Amino acid sequence: MKLLVWNDGRVVEATDYTPPRAYVYQRIHTLGYKPYNLSRHIMLLREASAAMFGFMSLCRVEDAENIISKLLELSRVSRHLSCAVTMRLDPKGVLSFEVEAPSLYAGSSLRAKRPKGALLQVPGLTDYHQTAVTLANDTMNDCRVEGFGDVAICVDDKGEVISLPWRPLFAVYHNKIYTPCEYGSVEYVVAAEAIATAGFELATHPLPVDSLRRMDEIFLVDVMGITSLHSIEHHHLLYMVTSQVADRMKPKIGD
């Protein structure tokens, strides 16, 4: 298997590809060479490019689906492994698709590893689009909490938890699920649908940082599935409700 990139019509190996300095992007979940929620990803990329660059991506859903499927086939990714494909658009209108390393998880499932969350004070969320800058910020924030935890749980200057559109946070208390913000992102929509299908109530409500120490469970959702936190600071967390939500998330092998 070799990871490949489709860059403005040319297919190259990922090791020979240098991402642009500035870009907007979407990570797309694929399974069995099929991209999921692609039309919403395309819509979000268009909104981001209009807001950041002043023009909309002209990529059609059908064209993107054909490119992604062929790229996965050429990369020889196993049809039984979930794989993310990153779709990028730079300020010059150059579009690219990059195959990421496949995951052992069968679809949007609960990850086996349960990391420790660590609180991190940061400015409030100002950018709702995924860009090279937000990616760098997320990576930097996770690195800043090393030694205290594995995943940064960001808190604004009002002491309220920040939930990101591309990594929304959900907290469980007495079998009811809370989240600070409702988004139109693929990650949020997939999670909200799974929560409803699993029979749980989802409430949009600010989460003061002190409330996290009383929660039964906390989980984060990205395009590849659910990460259930093992603990936050010294507060131990469960994963019973989280696992039920994960069981309702799609896609999965056999769907």
Side-chain angles (χ1 to χ4, degrees), residues 105 107-128 130 134-135 137-250:
Y105 306 109
S108 297
S109 59
L110 180 65
R111 291 181 168 91
K113 182 179 180 182
R114 299 185 62 218
K116 179 181 178 181
L119 300 174
L120 181 66
Q121 188 89 21
V122 299
L125 179 63
T126 58
D127 193 347
Y128 292 86
Q130 287 181 279
T134 62
L135 177 61
N137 282 341
D138 291 345
T139 302
M140 180 180 65
N141 288 339
D142 285 343
C143 289
R144 286 173 63 187
V145 298
E146 285 185 2
F148 303 96
D150 307 295
V151 178
I153 304 300
C154 295
V155 182
D156 64 19
D157 55 6
K158 297 178 182 178
E160 294 182 353
V161 174
I162 298 172
S163 177
L164 301 170
W166 49 91
R167 193 169 73 173
L169 180 144
F170 301 87
V172 182
Y173 184 69
H174 290 181
N175 283 341
K176 186 173 180 178
I177 301 177
Y178 298 86
T179 189
C181 296
E182 180 179 351
Y183 294 114
S185 63
V186 170
E187 295 83 352
Y188 183 91
V189 170
V190 168
E193 289 176 350
I195 289 169
T197 303
F200 295 102
E201 181 182 353
L202 175 60
T204 304
H205 194 280
L207 290 176
V209 65
D210 288 343
S211 71
L212 296 186
R213 301 180 180 94
R214 300 192 300 273
M215 293 298 166
D216 302 317
E217 306 176 32
I218 297 174
F219 61 91
L220 303 164
V221 178
D222 64 21
V223 75
M224 297 298 285
I226 294 183
T227 297
S228 174
L229 296 187
H230 171 270
S231 60
I232 184 162
E233 295 187 328
H234 299 295
H235 178 53
H236 183 76
L237 298 161
L238 305 174
Y239 60 94
M240 291 181 291
V241 170
T242 306
S243 63
Q244 294 180 60
V245 173
D247 285 343
R248 304 309 194 278
M249 290 184 72
K250 297 184 176 181

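Quantities reported herein were computed from a predicted structural model and do not represent experimental measurements. The figures here come from the full heavy-atom set of this structure, side chains too, leaving out hydrogens, waters and symmetry mates.
For Asp138, the side chain to side chain donor-acceptor pair (under 3.5 Å) partners are Trp166, not counting sequence neighbours. Checked against side chain to side chain contact (heavy atoms under 4.5 Å, CB included), His205 has the following partners two or more places apart in sequence or in another chain: Tyr178. With sequence neighbours left out, the ring pair (Phe, Tyr, Trp, His ring centres under 6.0 Å) criterion links Phe200 to no other residue. With sequence neighbours left out, Asp142 forms a salt bridge (Lys or Arg N to Asp or Glu O under 4.0 Å) with Arg167. By the side chain to side chain donor-acceptor pair (under 3.5 Å) test, Lys116 pairs with no residue at all, sequence neighbours left out. Scanning for salt bridge (Lys or Arg N to Asp or Glu O under 4.0 Å) contacts around Arg213 gives Asp210, Glu233, with sequence neighbours left out. Considering only residues two or more places apart in sequence or on other chains, Ser185 meets the side chain to side chain donor-acceptor pair (under 3.5 Å) condition with none of them. With sequence neighbours excluded, the residues satisfying side chain to side chain donor-acceptor pair (under 3.5 Å) with Thr227 are Arg111. For His236, the ring pair (Phe, Tyr, Trp, His ring centres under 6.0 Å) test picks out His230, with sequence neighbours left out. Glu146 meets the salt bridge (Lys or Arg N to Asp or Glu O under 4.0 Å) test with no other residue; sequence neighbours excluded.
Minimum heavy-atom separation, Met215 to Leu237: O-CD2, 3.5 Å. For the residue pair Arg248 and Ala194, the shortest heavy atom distance occurs at CB-O, 3.7 Å. Here the shortest heavy-atom pairing between Val241 and Glu217 reads N-OE2, 2.8 Å. Minimum heavy-atom separation, Pro168 to Glu187: CD-CB, 3.9 Å. Minimum heavy-atom separation, Leu120 to Val145: CB-CG1, 4.1 Å. Closest approach of Leu110 to Ser228, counting heavy atoms only: CD1-CB, 3.7 Å.
Distance CZ/Phe219 to OH/Tyr239: 15.0 Å, rounded to 0.5 Å. A distance of 4.5 Å separates CD1 in Ile226 from CE in Met249, rounded to the nearest 0.5 Å. Rounding to the nearest 0.5 Å places OH of Tyr173 at 13.0 Å from CG of Leu207.
Here the side chain of Thr134 pairs no donor or acceptor atom with the backbone of Gln130 at under 3.5 angstrom. Arg114 places a side-chain N or O within 3.5 Å of a backbone atom of Leu238 that can act as its donor or acceptor partner.
Considering only heavy atoms from C-beta on, Val190 stays 4.5 Å or farther from Lys250 through its side chain. The shortest side-chain heavy-atom distance between Ser163 and Phe170 does not fall under the 4.5 Å cut-off. With a 4.5 Å cut-off on side-chain heavy atoms, Asn137 and Asp127 do not count as touching.
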**Message:** Under the criterion side chain to side chain contact (heavy atoms under 4.5 Å, CB included), I'd like the reasoning laid out for Thr179 against Leu202: C-alpha separation, chi angles, the key distance, then a yes or no.
**Reply:** CA-CA 8 Å; Thr179 189; Leu202 175 60; 3.9 Å; yes
**Message:** If you apply the rule side chain to side chain contact (heavy atoms under 4.5 Å, CB included), what do you find for Ile177 with Val245, and how did you get there?
**Reply:** CA-CA 10 Å; Ile177 301 177; Val245 173; 4.1 Å; yes
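Within a 6.0 Å radius of CE in Met240, no more than 12 heavy atoms belonging to other residues, nucleotides or ligands are found.
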Determine all donor-acceptor pairs shorter than 3.5 Å in which one atom belongs to a side chain in residues 151-162; sequence neighbours excluded.
{"residue": "Asp156", "atom": "OD1", "partner": "Lys158", "partner atom": "N", "Å": "2.9"}
{"residue": "Asp156", "atom": "OD1", "partner": "Gly159", "partner atom": "N", "Å": "3.1"}
{"residue": "Asp156", "atom": "OD1", "partner": "Glu160", "partner atom": "N", "Å": "3.0"}

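Counting only residues at least two apart or in different chains, side chain to side chain donor-acceptor pair (under 3.5 Å) contacts with residues 188-199 are absent.
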